[in-house]
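What you see is a predicted model; the values in this text were computed from it and never measured. Here is the naming used below: chain letters follow the sequence lines, and residue numbers restart at 1 for every chain.
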2 protein chains.
Amino acid sequence: MTQVPTAAGERAPRLSRERIVAAAVEMLESGGVDAVTTRTIGEALQVHPTALYRYFRDMDELIREAADHILEGLAEETPLAAGHDALDVLFDLCLGLRTALMSHPGAAGGVASGPSRMPHERALTERMLQLLTLTGLSDDDVVLAYHAVIEYTVGSAAIDAPGKSTDPDEDSRHRAWRADYLTASPHDFPVTVRLASRLYPTQDTQFRYGLQVLIDGLRNKLPAP
Amino acid sequence: MTQVPTAAGERAPRLSRERIVAAAVEMLESGGVDAVTTRTIGEALQVHPTALYRYFRDMDELIREAADHILEGLAEETPLAAGHDALDVLFDLCLGLRTALMSHPGAAGGVASGPSRMPHERALTERMLQLLTLTGLSDDDVVLAYHAVIEYTVGSAAIDAPGKSTDPDEDSRHRAWRADYLTASPHDFPVTVRLASRLYPTQDTQFRYGLQVLIDGLRNKLPAP
DNA sequence: ACCTGAACACCGTTCAAGT
DNA sequence: ACCTGAACACCGTTCAAGT
């Protein structure tokens, strides 16, 4: 782990990809992606703001690496238990993914687009495709179902997470939002006003419902058992 | 519409919320949300970069207003046609919403969080809740289904849209991604490699599949007809 | 080889000053 | 009332210079 000096004049580097990523992950958790800048990282690691450019091509590469680090172990932590079928495991896996993304506001943006180049992201993709294959879905369905589930999970996290860092607690925020809806014109928005008191259950409840519906929809496509 | 001078010394203002929003929407369409800055707007409207602060509290307010402007007419353009039930109409409405968001990269972030305060956003919410109520779903299901559908649509647009502005055409990008997957270790990622050729169909195909599955899942919750 | 210093081209935003 | 000018506190990034 630690660098062994092979010659007299060699100084051990103060920095490393690992140290920088660790700092980035920490700041991702406390202040979200906007809090991780070249300056804040420099301060946290007691180096010059531009020092990280020796280890990363640019800020984007660092964010993607930090985002991937957050997914560590996720694919492995959800084994196939008795009584749980593959789609139930997929459900839990998505819950875990959401939890990881929600606790690091903005991390969803680092996972978001493109293929899974990063190691933990790749493991997650593999695990999801594997679970979906186990259900008996056709290959085409497996691939499309994978995309549907990952886009819903990551996409909703990208939407929901930002509010968590700046705003007060979720309950009071939602109360305020419901009150906002109640003041809407009953003539122009009759349904909205009628349902206002039910709007904005906790974000977690919302997410689980949508994920359950999505997975129930996939069950419709399953061959008869 | 045009300002009538009520006294001698009054000059007609060169700027207005409308003109600024129009400029912002245009730049949202051409270069995405990153392209709309105080400086670029100033240049487009031939005013000082800080001039817009007379009309908007901050950049966030402007972006939200521009994002809402994009949703204009969306709720009305999808009437209940014969042979189409309410969920089919909801499907089309979501497609329209996605198209609007995808053609203005980053606009999804302006729609994303919080309640629908903006007029067009409100109309869209009302329309969706109305359609879902027509299906016969319970009020609780209506509200949760609304959240699921809107989060999937806006969330996936937030993920998919950014790539559209910078990258080349979608087909070549996806070919590259599939090739990337094929180079993955067959031992570590057997399923990924096997399905690599099927991965990344067009984003539109992906989205429609997921939306269809989601709405099919909602059909499961419908009372018997 | 590893990090620093200075510099550059950007941001959003405030506020006093001009007309 | 409406807009400008100057200034401030931030960004990411490059590159020559130090050790």
Atom CD of A:Gln46 and atom P of C:dC3: how far apart are they, to the nearest Å?
14 Å
Which part of the nucleic acid, if any, lies within contact of B:Tyr55, taking any heavy atom under 4.0 Å across all strands shown: a base, the sugar-phosphate backbone alone, or nothing?
sugar-phosphate
By the definition side chain to side chain contact (heavy atoms under 4.5 Å, CB included), identify the one residue from A:Leu74, A:Val89, A:Leu132 that meets it with A:Arg127.
A:Val89
Who does D:dT14 pair with, Watson-Crick or G-U, both distances under 3.5 Å?
C:dA6
Quickly work out the B:Arg17 CZ to D:dC3 C1' distance and round it to whole Å.
18 Å
Output the single nucleotide from C:dC11, D:dG5, C:dT4 whose closest atom is nearest the side chain of B:His48.
D:dG5
Roughly, in whole Å, what's the span from CE in A:Met59 to C1' in D:dC10?
14 Å
How many Å lie between OH on A:Tyr53 and C1' on C:dA1, as a whole number?
20 Å
Is there a side-chain contact between A:Thr38 and the phosphate of D:dG12, meaning an N or O under 4.0 Å from OP1 or OP2?
yes
Taking any strand in view, what nucleotide pairs with C:dA1 in a Watson-Crick or G-U wobble way, both distances under 3.5 Å?
D:dT19
By the 4.0 Å heavy-atom rule, please label A:Arg14 as base, sugar-phosphate, or nothing.
sugar-phosphate
Test applied, ring-ring contact (aromatic ring centres under 6.0 Å, His included); reference residue, A:Tyr152; option that passes from A:Tyr146, A:Tyr209, A:Phe207, A:Phe91:
A:Phe207
Parallel, tilted or perpendicular: ring planes of B:His69 versus B:His120, cut at 30 and 60 degrees
perpendicular
